[in-house]
Structures are given as C-alpha cells and as structure tokens.
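These notes are about the structure you will find just below.
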Amino acid sequence: MVQKEFGDHMRSWRFIILIAIIALACIGSIYTAVTALRDGVKSEQADNSFLFLQMFTVSDGTLPTFVTFVSFLGPLVGIALGFDAVNTERNKGTLSRLLSQPIYRDDFILAKFTASLLLVAVVLYSLGFLVMGLGLFTIGYPPTPEEVMRVVLFLFVATVYVGFWLNLAILFSIRFRQAATSALSGIALWLFFTIFYSMLVGIIDKATAPADSSALSILLRHANRMLLLNRLSPAYLFSEATSTLLTPGVRSLGPLTTAQVIGAISSPLSLMQSILLSWPQLVGLIAATMICFGISYVLFMRQEVRSKG
C-alpha cells in the first residue's frame, strides 16, 4: 500500500507542479547566496569558520534564503499531499471496496501517512544535497563533517515540520467530506500561523507590556510569557530549531540578563550543544505531529464507511 501511494503521488501533476516551483525557488536562493558570499556579504556571526552553512542562511537581498523558502513552501507540499487523502477515496466509493478486502483500517491510514512522509523526506533531502553540491561546485569550499551533520539534522527537522502539516491535512480530509473544504482549512491555518499569529502576539505584547521602569523580574516574566505564546506556533518552533542548527553562533533562544552574559566566551557552540539547545523545539514539533496523527487515527477508526448505492 505504501508503494502504491508513493507511486500515485510521484505521478500526479499536482505534486510535479509543486516540486517544480520549490526547486526553482531553491535554485534561486542558491544563486543569491553564492552572489552574497562572493561579494563579501557575511552573516551576523563573527566566526566565519562555518562558511558552508551560509549557503542556507545568507542572501544578497533579491530573494529569500533557502531556509525561508522551505519554511514557507514546505507546508504547502504537506497540505497538497494530505488534503484529499481520505475524502476523495470516500467520495469515489473506492474506500469501502478497499476496506472490504483483508486490509485493516489502521494499515490504510498508516500507509497514507507513511508514503506521503517518505516522499517529503526524499524531496527535502534531495534539495538539501543539491544545495550542498552546487555550493561545493561554485564556491569551492568543502564542508566539514560537522557542517554536513548540521545540514542533515536541519533537513530532518524540516521533514518533521512538513509532516505536521501533512498530518493536519489528513485530519481535515477525514473530518470533512469535501476536498475543497479540507484544503481551504489547511491553507487557512497555514496562513494564520505563518503570517497572522506573530501579529497577534505583537498586539498582545503591546497591550500587556510593563513599564520600562519596572523591576527586572517583571520584565523577564513578561518576555518569557511572550516567548511561550510564540512557541505555540509550529512555524516559530521550526525557525528556532533551524537557526540553532545552521547558525552555531546562536547561544540562547530566550532573554538573558547582564549577569548571565558577563564572562561568557564568544565562540560558536559545538554540534552537541546546538542539538541540546534545539531539542525542546524538535520535541514540540514531533509531539504536535503525533497528536494530529492520533486524532486522525481515532476519527478514522470510528467513522462508518458505507458503499455507494
């Protein structure tokens, strides 16, 4: 079943068009990164020993970076692969015929998710290695083993992030009988968390911000509260995790006091320290994905499947 679903996705025009758009966008981001590096535009970190990672995070301003394209267009791939995973089978009448065979319901929903997630992983890792190959060819700067591991971990986090939107789309395809309704629901949530949620948190921040003359503990409590609200968004969790993995100079993801900064050595974090710093964000994304899948599983197992006619 997984092989059949994987092949159906690969042969669909919808998937081919989306991948073509994402591939063109990523190639454009590679060009801008190479132009920026050749023109001497460096990232904000002081240590230039991780120059190869800047292929993913640096731009000359004409186009967004590779990470920005993945965070913006990746959810669209997940939604496109999952919004009609179940309701189309139901509307065509093929779901009842399929489940009348010696196939368990849980195998059906697991095959839908596994095939789509496997395809997402293949696409993201292919694009990531394409960036690495073109970067090696154009700038002539070979990556270190640590840089390769950081890129591989970033692509894994991106796969989990797109997997969350895939699970959400499958949940809507189970909940709504019309594919258009499930697609619009997924796109609406994607727009909300990508664009409008940060605006909403900013409004709450302005409305509840204490005075500048307030005690340090009150200011820190407010900053941590706003940080917690931001981290309810999967897009924000993804941005924190990727910035930690691809920018070793990032040493903290929360507010720091002057006492905490004094005496700190200004040096990039090691790979293991960056993993530990981004571990809560990765666990949050995995937990959100598992929750969506669990809800989808329960809804699908409880739904009644009737044959047409």
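Reckoned from all heavy atoms, side chains included, excluding hydrogens, waters and symmetry mates.
Both Y161 and L191 belong to a common hydrophobic cluster when Ile, Leu, Val, Met, Phe, Trp and Tyr are linked at side-chain heavy-atom distances under 4.5 angstrom. In the hydrophobic clustering of ILVMFWY residues, with side-chain heavy atoms under 4.5 Å counting as a link, I291 and V157 come out together. Residues V152 and L276 are members of separate hydrophobic clusters, defined by side-chain heavy-atom contacts under 4.5 angstrom among Ile, Leu, Val, Met, Phe, Trp and Tyr. Cluster annotation: F66 is not connected to L24 through the hydrophobic network of ILVMFWY side chains, with a link wherever side-chain heavy atoms come within less than 4.5 Å. At a threshold of 4.5 Å between side-chain heavy atoms, the hydrophobic network of Ile, Leu, Val, Met, Phe, Trp and Tyr places F193 and M199 in one connected group.
Contact of the F56 side chain with the M132 side chain is registered, since non-hydrogen atoms from C-beta on lie closer than 4.5 Å. For the pair K112 and S173, the minimum side-chain heavy-atom distance is 4.5 Å or more. Y197 places a side-chain heavy atom less than 4.5 Å from the side chain of L232. A 4.5 Å side-chain heavy-atom check between L271 and L153 finds at least one atom pair inside the cut-off. Between P248 and L53, the closest side-chain pair of non-hydrogen atoms falls below 4.5 Å. Proximity of N167 to F164: side-chain heavy atoms (C-beta onward) are nowhere separated by under 4.5 Å.
Atom CD1 in I295 sits 9.0 Å away from atom CG in L168 (nearest 0.5 Å). Taking CG from L73 and CH2 from W190, the interatomic distance works out to 7.0 Å, rounded to the nearest 0.5 Å. Here I79 contributes atom CD1 and S185 contributes atom OG; the two are 10.0 Å apart, rounded to the nearest 0.5 Å. T159 OG1 to L285 CG: the interatomic distance, rounded to the nearest 0.5 Å, is 11.5 Å. Taking CG of L200 as the start and CG of N230 as the end, the distance is 10.0 Å to the nearest 0.5 Å. Considering CZ of F196 and OG of S233, their distance stands at 13.0 Å, rounded to 0.5 Å.
Applying the side chain to side chain donor-acceptor pair (under 3.5 Å) criterion to S182, with sequence neighbours excluded, gives N87. Remark: I17 engages I21 in a side-chain contact (heavy atoms from CB on, under 4.5 Å) (not counting sequence neighbours). For T68, the side chain to side chain donor-acceptor pair (under 3.5 Å) partners are T65, not counting sequence neighbours. Contacts of L110 classified as side-chain contact (heavy atoms from CB on, under 4.5 Å), with partners at least two apart in sequence or in another chain: F293. Under the side chain to side chain donor-acceptor pair (under 3.5 Å) criterion, S296 pairs with no residue at all, not counting sequence neighbours.
Minimum interatomic distance between L269 and E146 (heavy atoms only, all atoms of both residues): O-OE2, 4.0 Å. Taking each heavy atom of L117 and L166 in turn, the nearest pair found is N-CD2, 3.6 Å. Closest non-hydrogen pair, G78 versus A169, comes out as O-CB, 4.0 Å.
In terms of modelled atom types and a separation under 3.5 Å, the side chain of D84 and the main chain of A179 share no donor-acceptor contact. With hydrogens and angles disregarded, no donor-acceptor distance shorter than 3.5 Å links the side chain of D205 to the backbone of V201. With hydrogens and angles disregarded, a donor-acceptor distance shorter than 3.5 Å links the side chain of R150 to the backbone of L245. The closest donor-acceptor contact from the side chain of Y236 to the backbone of L229 lies at 3.5 Å or more, if one exists at all. The closest donor-acceptor contact from the side chain of T242 to the backbone of S239 lies under 3.5 Å. Using modelled atom types, one side-chain atom of S243 and one backbone atom of E240 make a donor-acceptor pair closer than 3.5 Å.
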| request: Test V77 against L119 for side chain to side chain contact (heavy atoms under 4.5 Å, CB included), laying out the working first. | output: CA-CA 10 Å; V77 177; L119 185 59; over 6 Å; no
| said: Run the side chain to side chain contact (heavy atoms under 4.5 Å, CB included) test on L227 and R231 for me, step by step, so that the C-alpha distance in whole Å, both residues' side-chain angles and the decisive distance to 0.1 Å come before the verdict. | reply: CA-CA 6 Å; L227 185 61; R231 286 174 176 170; 3.5 Å; yes
| query | After noting the C-alpha distance and the side-chain angles of V131 and V151, does the key distance pass the side chain to side chain contact (heavy atoms under 4.5 Å, CB included) rule? | reply | CA-CA 10 Å; V131 174; V151 173; over 6 Å; no
| query | What's the verdict on side chain to side chain contact (heavy atoms under 4.5 Å, CB included) for F156 and V160, showing C-alpha distance, side-chain angles and the deciding distance? | reply | CA-CA 6 Å; F156 174 75; V160 174; 4.0 Å; yes
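Checked against a 6.0 Å centroid threshold, the rings of W165 and F83 do not count as neighbours.
Apart from V298 itself, the hydrophobic cluster it occupies contains nothing, where clustering links Ile, Leu, Val, Met, Phe, Trp and Tyr at side-chain heavy-atom distances under 4.5 Å.
Taking the six-membered ring where tryptophan is involved, the planes of F238 and F154 are tilted, since the angle between them lies from 30° to 60°.
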